[in-house]
Asker: 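Handing you a structure now.
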Amino acid sequence: MIRVSSVVSDTLGAELGLAPGHELLSVNGRELEDFLDWEFLTAEDQFVLLARDPDGTMVEYDVERPEGLPMGVELEPPRIRRCANRCDFCFVDGLPEGLRETLYVRDDDYRLSFRYGNFATLTNLKPKDVLRIIEYRLSPLYVSVHATDPVIRRRLLRNPRAPAIIEQIEGFAQHGIQFHTQIVLQPGLNDGDVLERSLADLYDLGETVLSVSAVPVGLTEFSKHHLVREPTAEECGAVAERVDAWGRTALGERGYHWAYGSDDLYLVAGLPLPPAERYDGFEQVENGVGAVRFLQQQIAEGRLDLASWAGTRVGVVTGTAMGRLMPAVLPVLARATGADVELLVVENDLFGSSVTSAGLLPGQTFREALRDRADLDVALLPAEAVNDQGMFLDDLSFHQLVAAVPMELRLSYHFADALGEGVGV
Ligand code: SF4
């Protein structure tokens with residue numbers, strides 16, 4: 001059963017009289033488990049929907065869908081699949097105590113992998129999930145491989161029951177499912193020869209594996225430092241070299257680079273970021289792979305309406321982790337917009353300076369950094385610092401923050417989203 005949270009007007013859902021609180025039970029007799037069932041089973045021109053209205057009355061709808069009319073039904077969020085692993089580097093262990101409970105949920109959900117590009121490990125799939133992935137052709141999926149050697153992968157995931165990933169991928173490949181993959185680097189465990197084997201194994205799977213990224217593990221003060229450490233500059237340099245070698249091979253044989261390093265990999269290694277062409281279609285940009293070049297390219301290609309920013313003062317507020325990437329971006333932004341762009345790197349004054357992620361900055365940190373900055377016209381804040389309800393980690397709302405500071409605020413993932421529509425929109 002799934003429940004309606006809202007219905008967009010002038011859609012089929014509204015025409016049927018569906019409303020918040022309606023429980024959607026089945027389509028053509030098939031029970032509805034989540035948004036995947038809903039979207040795939042209602043994609044037909046005709047179907048029978050069984051629902052229960054908020055009063056408990058069962059209603060059967062014989063639906064004929066006029067061409068092009070969307071259902072317009074928003075569903076309550078699905079119950080997230082819990083992770084079966086206990087990676088030493090898990091971001092949940094890296095969180096300070098005292099945050100909202102939902103932040104401590106270790107999610108590992110193939111459905112969100114398909115829908116949002118979240119990386120999943122596929123270690124918690126039940127036979128029924130495998131059948132759904134095949135039936136609904138959930139492709140491409142984003143998978144954390146880390147190592148293709150099953151023993152080493154089980155050690156990395158701290159999960160003795162983790163299935164062999166190559167066999168899993170091969171099984172799905174027979175049904176046309178493709179994968180973007182990542183390898184989070186834990187020095188001494190999955191770099192060096194282990195990494196070489198992983199890259200070779202994934203490359204051997206041909207077009208089934210669309211890309212692989214190498215990402216250095218990121219830790220906080222609260223991580224399990226007795227078990228895991230971040231790679232050094234030399235270690236990242238060695239990985240970048242290996243990834244670049246595979247990139248050259250793939251480019252020669254397949255016409256695209258296939259293997260990519262995250263921006264962090266090059267920055268920690270002290271190497272220049274590769275040019276934009278190195279990232280092909282920027283398939284893993286959300287994973288921090290080519291994010292800087294992507295933004296620069298968007299600006300250079302004039303895809304954004306940036307001219308209206310000329311002469312304004314823009315503050316870019318971020319945490320210390322992202323702060324080191326910004327010098328590669330902000331001058332480009334300043335040139336493209338004609339704005340005076342100022343970087344404000346702030347320390348987390350709720351959890352301590354060792355918590356460097358922009359996504360963990362509380363609202364109060366932004367408020368303190370911005371309350372006396374009437375000289376700024378607009379400040380861009382990391383969008384990942386607020387949840388779906390617009391709340392920061394310390395339960396200050398975005399609207400409360402807006403009221404407490406003297407400039408316009410915009411939430412942004414990569415600047416282009418916040419600045420691209422111009423001033424005053
Ligand atoms: S797969 Fe590892 S890092 Fe991801 S949620 Fe599970 S334990 Fe944490």
Side-chain angles (χ1 to χ4, degrees), residues 77-97 99-126 129-130 133 138 140-169 172 179-191 194-195 198 202 212-231 262 264-265 284 286-289 321 351 355-360 384 387 393:
R79 196 134 49 91
I80 298 298
R81 291 296 180 87
R82 300 296 171 104
C83 174
N85 315 310
R86 280 293 178 274
C87 309
D88 293 340
F89 56 82
C90 184
F91 63 94
V92 171
D93 295 320
L95 292 174
E97 287 176 8
L99 305 179
R100 268 192 301 279
E101 254 174 43
T102 49
L103 289 164
Y104 299 102
V105 174
R106 295 171 208 258
D107 63 300
D108 191 2
D109 198 320
Y110 68 94
R111 301 169 304 173
L112 305 185
S113 174
F114 170 68
R115 171 51 52 81
Y116 301 115
N118 295 6
F119 279 89
T121 65
L122 308 185
T123 55
N124 58 356
L125 293 187
K126 300 187 176 75
D129 300 322
V130 173
I133 290 172
L138 304 183
L141 290 175
Y142 290 75
V143 173
S144 289
V145 169
H146 303 330
T148 54
D149 180 314
V151 175
I152 295 172
R153 186 165 190 258
R154 284 178 198 130
R155 160 65 187 81
L156 287 158
L157 298 173
R158 294 278 186 194
N159 180 355
R161 286 193 291 276
I165 188 67
I166 291 295
E167 285 170 26
Q168 275 189 303
I169 291 178
F172 285 120
F179 297 85
H180 290 289
T181 61
Q182 74 161 349
I183 292 173
V184 174
L185 294 157
Q186 231 180 294
L189 277 178
N190 63 345
D191 52 359
V194 177
L195 175 63
S198 298
L202 292 170
V212 59
S213 64
V215 182
V217 69
L219 305 174
T220 77
E221 175 189 356
F222 306 96
S223 301
K224 297 174 177 170
H225 290 275
H226 57 295
L227 296 173
V228 54
R229 66 173 174 83
E230 293 183 347
S262 70
D264 258 351
L265 183 76
Q284 293 205 29
E286 303 292 339
N287 198 23
V289 179
F351 304 125
V355 178
T356 59
S357 163
L360 293 177
E384 57 272 28
N387 66 10
L393 284 170

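Order of listing sets the numbers, starting from 1, for every ligand and every atom in it. Along the sequence shown, the residues carry numbers beginning at 1. These numbers come from the heavy atoms of this one structure, side chains and all, not from hydrogens, waters or symmetry mates.
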Asker: Can you tell me how far CG of Leu141 sits from NE2 of His180, rounded to the nearest 0.5 angstrom?
Answerer: 10.0 Å
Asker: Is the ring centre of Phe119 less than 6.0 Å from the ring centre of His146?
Answerer: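 Centroid separation for Phe119 and His146: 6.0 Å or greater.
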Asker: Examine the proximity of ligand 1 to Asn85 and report which part, side chain or backbone, both or neither, has a heavy atom under 4.0 Å away.
Answerer: both
Asker: How far is atom 4 (Fe) of ligand 1 from its nearest protein heavy atom, and which residue and atom name does that atom have?
Answerer: Phe91 CE2, 4.4 Å
Asker: Taking 2.8 Å as the cut-off, does an N/O/S atom of Cys83 lie below it from atom 8 (Fe) of ligand 1?
Answerer: no
Asker: Taking only Lys NZ, Arg NE, NH1 and NH2, and the carboxylate oxygens of Asp or Glu, determine whether Asp108 and Arg81 approach each other closer than 4.0 Å.
Answerer: no
Asker: Around atom 2 (Fe) of ligand 1, find the nearest protein heavy atom and jot down its residue, atom name and distance.
Answerer: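 Answer for atom 2 (Fe) of ligand 1: Cys87 SG, 2.2 Å.
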Asker: For Arg106, counting its heavy atoms only, list the atoms of ligand 1 lying under 4.0 Å from any of them.
Answerer: 5 (S)
Asker: Please report which non-hydrogen protein atom sits nearest to atom 8 (Fe) of ligand 1, along with the residue it belongs to and the distance in Å to one decimal place.
Answerer: Cys90 SG, 2.3 Å
Asker: Can a salt bridge be assigned to the pair Asp109 and Arg115 using a cut-off of 4.0 Å between side-chain N and carboxylate O?
Answerer: no
Asker: Indicate yes or no: does Arg111 engage Asp129 in a salt bridge with an N to O separation below 4.0 Å.
Answerer: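 No salt bridge links Arg111 with Asp129.
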Asker: Within ligand 1, which atoms have a heavy atom of Thr121 less than 4.0 Å away?
Answerer: 1 (S)
Asker: Between Arg155 and Asp88, does any NZ, NE, NH1 or NH2 come within less than 4.0 Å of an OD or OE carboxylate oxygen?
Answerer: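 Result for this pair is yes, salt bridge flagged.
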Asker: Using heavy atoms and a 4.0 Å limit, tell me yes or no: is Val92 in contact with ligand 1?
Answerer: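 Flag not set, Val92 not near ligand 1.
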